[in-house]
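Below is one structure; the comments refer to it alone.
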2 protein chains.
Amino acid sequence: MDEAEPGLQVVHQLRAVTVELDLLGAEFAQRNGLHPTDLRALICLLDAARSNTPATPGRLGGQLGLNSAGTTALVDRLERLGHVRRVRDSRDRRRVLLEVDERAVALGWSFFGPLITEMVAELRTFSDTELATVQRFLLTVQQILAAQRDSSKATASSPPPQKERGPR
Amino acid sequence: MDEAEPGLQVVHQLRAVTVELDLLGAEFAQRNGLHPTDLRALICLLDAARSNTPATPGRLGGQLGLNSAGTTALVDRLERLGHVRRVRDSRDRRRVLLEVDERAVALGWSFFGPLITEMVAELRTFSDTELATVQRFLLTVQQILAAQRDSSKATASSPPPQKERGPR
DNA sequence: ACATAGTATCTCGCTCAGCGAGATACTCGC
DNA sequence: GCGAGTATCTCGCTGAGCGAGATACTATGT
């Protein structure tokens with residue numbers, strides 16, 4: 001358990017954190033009558049709203065790795081629960097814009113709120129320098145993961161131009 | 001958009017990291033003909049093997065939040081792919097021990113290997129003090145998440161004594 | 001204008017992961 | 001041994017997500 005390499009410990013810890021957060025999310029989702037995917041969708045939608053990016057089914061499905069049928073079903077679910085509304089884009093009338101409802105925001109907050117409160121409290125024990133270090137670390141990880149994802153995606157579609165999505 | 005509170009940024013970054021890692025995992029899983037759950041199960045099994053904890057279907061299902069039927073199906077899948085073997089425990093013959101195959105170890109490594117390599121390389125640019133900070137941060141997060149999970153579990157079963165969810 | 005290609009979304013039918021309920025096989029205290 | 005408790009498996013079902021294709025609109029060439 002005590003590795004010589006410092007990076008290993010960090011990777012394992014990071015993995016443990018993500019597993020924990022994943023489970024917390026799943027539990028929260030279940031309690032609120034939605035699926036892990038739905039929660040992730042809400043997070044994406046809230047992010048989009050926050051950065052003024054127009055949210056559409058297509059974009060959402062792409063981010064979550066769903067195909068169009070699954071995306072439609074997902075949006076149906078969210079709409080039925082009143083978290084989003086479908087509104088035809090008046091400029092490009094093929095598109096549907098997803099408007100996030102107040103209750104979705106509230107739900108997101110009820111999930112992240114307590115987490116943030118706790119984290120903020122604990123992070124007060126970190127100096128500015130330490131905080132900067134943590135942020136640098138997280139940014140680094142994020143970039144590595146993004147790169148990894150791109151490269152593996154490239155490997156998958158490079159050799160043969162076959163679709164190869166679900167090797168059941 | 002730009003929060004005054006430092007904790008918020010960190011939480012958002014952390015969330016972004018977990019989403020990214022999640023997607024990477026899902027993609028990797030799919031490419032290897034298994035489901036996200038299967039990959040998580042493999043991780044749990046490797047962790048168990050690593051810490052000399054006997055792995056059984058019951059334990060595994062508990063960790064992943066599956067009920068017994070789902071767990072059986074999961075183990076069936078893993079066994080069919082040759083990642084684990086079912087072996088009756090000779091001491092308590094109700095139990096089944098899950099032996100992890102080499103190929104599962106190799107598979108786990110092919111997922112985490114590149115990630116670890118990259119991380120270790122990047123983490124070399126961190127001083128010992130900074131590494132310690134990062135580790136303290138991760139540990140803190142882990143504890144907060146665990147606490148959050150416990151408390152929400154308590155809240156769920158407190159008001160009405162209904163079953164609602166698989167008790168451990 | 002008008003066909004044609006391209007794009008965004010939805011519909012239909014299907015597969016299979018995971019659930020609840022219950023069966024089965026074993027251990028252990030009395 | 002007998003009954004209570006525990007670990008795993010079986011059965012039938014629900015529903016998330018897939019592939020294929022329909023639909024509705026935009027953009028482009030002629």
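One atom, CG of A:L60, and another, P of C:dA8, lie 14 Å apart when rounded to the nearest Å. One atom, CG of A:L81, and another, P of D:dA16, lie 10 Å apart when rounded to the nearest Å. Here the C1' atom of nucleotide C:dA25 and the CZ atom of B:R88 are 7 Å apart, to the nearest Å. Atom pair A:L66:CG and D:dC18:C1' shows a separation of 10 Å (rounding to whole Å applied). The CD atom of A:E79 sits 13 Å away from the C1' atom of C:dT9 (whole-angstrom rounding). Straight-line distance from the CG atom of B:D92 to the P atom of C:dC28: 6 Å, rounded to whole Å. Between B:R93 atom CZ and C:dT24 atom P the separation is 18 Å, expressed in whole Å. For the pair A:R59 CZ and C:dT7 C1', the computed distance is 16 Å after rounding to whole Å.
Within the 4.0 angstrom heavy-atom criterion, only backbone atoms of the sugar-phosphate kind lie near A:T56; the bases stay farther away. Among the protein residues, B:R86 comes within range of the sugar-phosphate backbone only, with heavy atoms under 4.0 Å from sugar or phosphate atoms but none that close to a base. Contact annotation for B:T71: no contact, since no heavy-atom pair falls under 4.0 Å across all strands.
Rounding to the nearest 0.5 Å gives a distance of 11.0 Å between CZ of A:F111 and CG of A:L42.
In the set D:dG17, D:dT26, C:dT9, D:dG17 carries the atom at the smallest distance from any side-chain atom of A:R77.
Proximity of a side-chain donor or acceptor of B:R88 to a complementary backbone N or O of B:R93 within less than 3.5 Å is detected.
Nearest-nucleotide assignment on DNA chain C puts the 5′-proximal partner with B:A73, out of B:S90 and B:A73. Between A:L74 and B:T72, the residue anchored closer to the 5' end of DNA chain D is B:T72, taking for each the nucleotide with the nearest heavy atom. Of the two residues near DNA chain D, B:R94 and A:A69, the one whose nearest nucleotide lies more 5' is B:R94.
Between the side chain of A:N67 and the base of D:dG17 there is no donor-acceptor pair of N/O atoms closer than 3.5 Å.
Neither B:L115 nor A:V19 shares a network with the other; the hydrophobic side chains, linked directly or stepwise wherever heavy atoms of I, L, V, M, F, W or Y lie under 4.5 Å apart, form separate groups for each.
Using a 4.5 Å cut-off on side-chain heavy atoms (C-beta onward), B:L66 and B:T37 make contact. Using a 4.5 Å heavy-atom cutoff, the side chains of B:E130 and A:T129 are not in contact.
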